[in-house]
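Down below is the structure, laid out as structure tokens.
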Amino acid sequence: MVRAGLEPAVTAATIDAVTVFEERSLRRHDGPSEDFVERLVGRNILAAVRRGKFLWLPLSGSPARSGSPAILGSPAFSGSLEISGSGEALVVHLGMSGQVLLRDVAQADDALLRIRLDITSPAHGPLRVDFVDQRIFGSMAIDRLLPTPDGHAAGFGADAALIPSQVAHIARDPLDPAFSDRRFFDALAKRRTGIKRALLDQNLISGIGNIYADESLWAARVHYDQPTATLSRARARALLAEVRLVLGRALAEGGTSFDAQYVNVNGASGYFSNSLSAYGQQGKNCPRCGRLIIRESFMNRGSHFCPFCQRIRAS
DNA sequence: CGTTGGCCCTGATCGC
DNA sequence: TGCGATCAGGGCCAAC
């Protein structure tokens with residue numbers, strides 16, 4: 001999807017210029033926007049990696065700064081350059097309305113454009129990476145890379161077992177080969193909370209938003225507030241399988257190819273149109289049993305479900 | 001430490 | 001036509 005669409009265009013590309021239109025989109029960046037810009041210009045993008053709703057672009061070493069050539073020449077400094085250079089990434093947090101749009105330089109600006117990277121791609125020439133975000137829940141930041149605790153590649157598109165510090169606490173995506181089913185089930189058994197809250201807890205499992213949670217729960221016939229500890233291992237296994245189906249379908253349908261010159265990060269858009277069974281379907285018939293889907297307020301969000309198919313079970 | 005509620009944001013939509 | 005109220009929700013953080 002987004003990451004896959006972005007990858008061929010940004011890998012090995014050089015960042016020529018950076019424009020910050022909205023300071024609040026740098027809320028998670030540790031420093032002023034000038035610092036953000038200075039540290040990006042001149043560097044190369046090494047890859048495009050995703051975990052859950054976080055996307056990051058590992059960066060080459062810092063560009064040589066004018067002003068201190070003597071220090072730059074010392075062995076100690078060039079050594080630290082290499083270390084710090086391999087240890088930083090541009091982190092993109094999409095929030096709920098964030099998009100990363102790959103654009104031709106001739107295309108008109110989006111009204112909600114927050115940050116722009118002008119890049120030169122070896123394969124495609126000059127391009128723009130536009131960060132568009134209506135509600136400014138998302139953000140960009142430069143962050144240092146840390147080793148992953150399990151030693152496995154950090155996410156989709158990653159060769160290295162390195163993850164930005166801001167993303168280190170985010171659990172693996174269930175489609176990630178290194179995701180441990182058993183650890184997930186064990187965690188569910190220990191929790192004292194409802195299943196939907198657990199599905200939305202990014203410390204436990206990532207990549208599931210409100211829509212995918214409701215769709216997965218509907219497919220597995222599980223009530224959103226079923227206590228996780230009472231969910232049988234078999235039902236938990238079935239639920240996880242549905243989560244993977246929903247996420248996989250969303251990936252397939254949300255995918256936009258690069259030659260469209262437009263990469264839509266909001267992977268749900270393609271998925272929304274025709275295949276929703278529960279989310280936003282309140283007042284409509286359950287596609288399975290025909291009874292009415294209802295909506296309840298939960299966690300400052302909506303929970304959409306079939307009260308007949310999805311009931312809290314004793315165990 | 002696990003759990004929970006509240007907050008951040010603004011464009012679109014709705015009712016009057 | 002205008003305008004205020006309401007809704008949408010991912011992740012973070014304070015409070016219990």
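Protein chains get the first letters and strands the later ones, always in sequence-line order, with residue 1 at the start of each.
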> Between atom CZ of R295(A) and atom CZ of R301(A), what is the distance when rounded to the nearest 0.5 Å?
Replying inline: 11.5 Å
>> What's R197(A) touching, base or sugar-phosphate or nothing? Going by heavy atoms closer than 4.0 Å.
In response: base
> How long is the line joining CG of L112(A) and C1' of dG11(B), in whole Å?
Replying inline: 8 Å
> What's the NZ-C1' distance between K196(A) and dT3(B), to the nearest Å?
Replying inline: 18 Å
> To the nearest angstrom, how far is K190(A) atom NZ from dC1(B) atom P?
Replying inline: 15 Å
> Which letter, B, S or -, goes with each nucleotide of nucleotides 7-14 of chain C from 5' to 3', with contact meaning a protein heavy atom under 4.0 Å?
Replying inline: -BBBBS--
> Does R24(A) make a side-chain N or O approach to OP1 or OP2 of dT10(B) shorter than 4.0 Å?
Replying inline: yes
> F179(A) and L199(A): same hydrophobic cluster, using ILVMFWY side-chain contacts below 4.5 Å?
Replying inline: yes
>> Using a 3.5 Å distance criterion without hydrogens, assess whether the side chain of E34(A) forms a donor-acceptor pair with backbone atoms of P32(A).
In response: no
> Is the closest side-chain heavy-atom distance between F54(A) and V49(A) below 4.5 Å?
Replying inline: no
> Is T193(A) near enough to dT4(B) that one of its side-chain N or O atoms lies under 4.0 angstrom from OP1 or OP2?
Replying inline: yes
> How long is the gap from CG on L146(A) to CD1 on I163(A), to the nearest 0.5 Å?
Replying inline: 8.5 Å
>> Tell me if a side-chain donor or acceptor on S60(A) pairs with a main-chain N or O of R43(A) at a distance below 3.5 Å.
In response: no
> dG11(B) C1' sits how many Å from Q99(A) CD, rounded?
Replying inline: 13 Å
> To the nearest Å, how far apart are E23(A) CD and dC9(B) P?
Replying inline: 14 Å
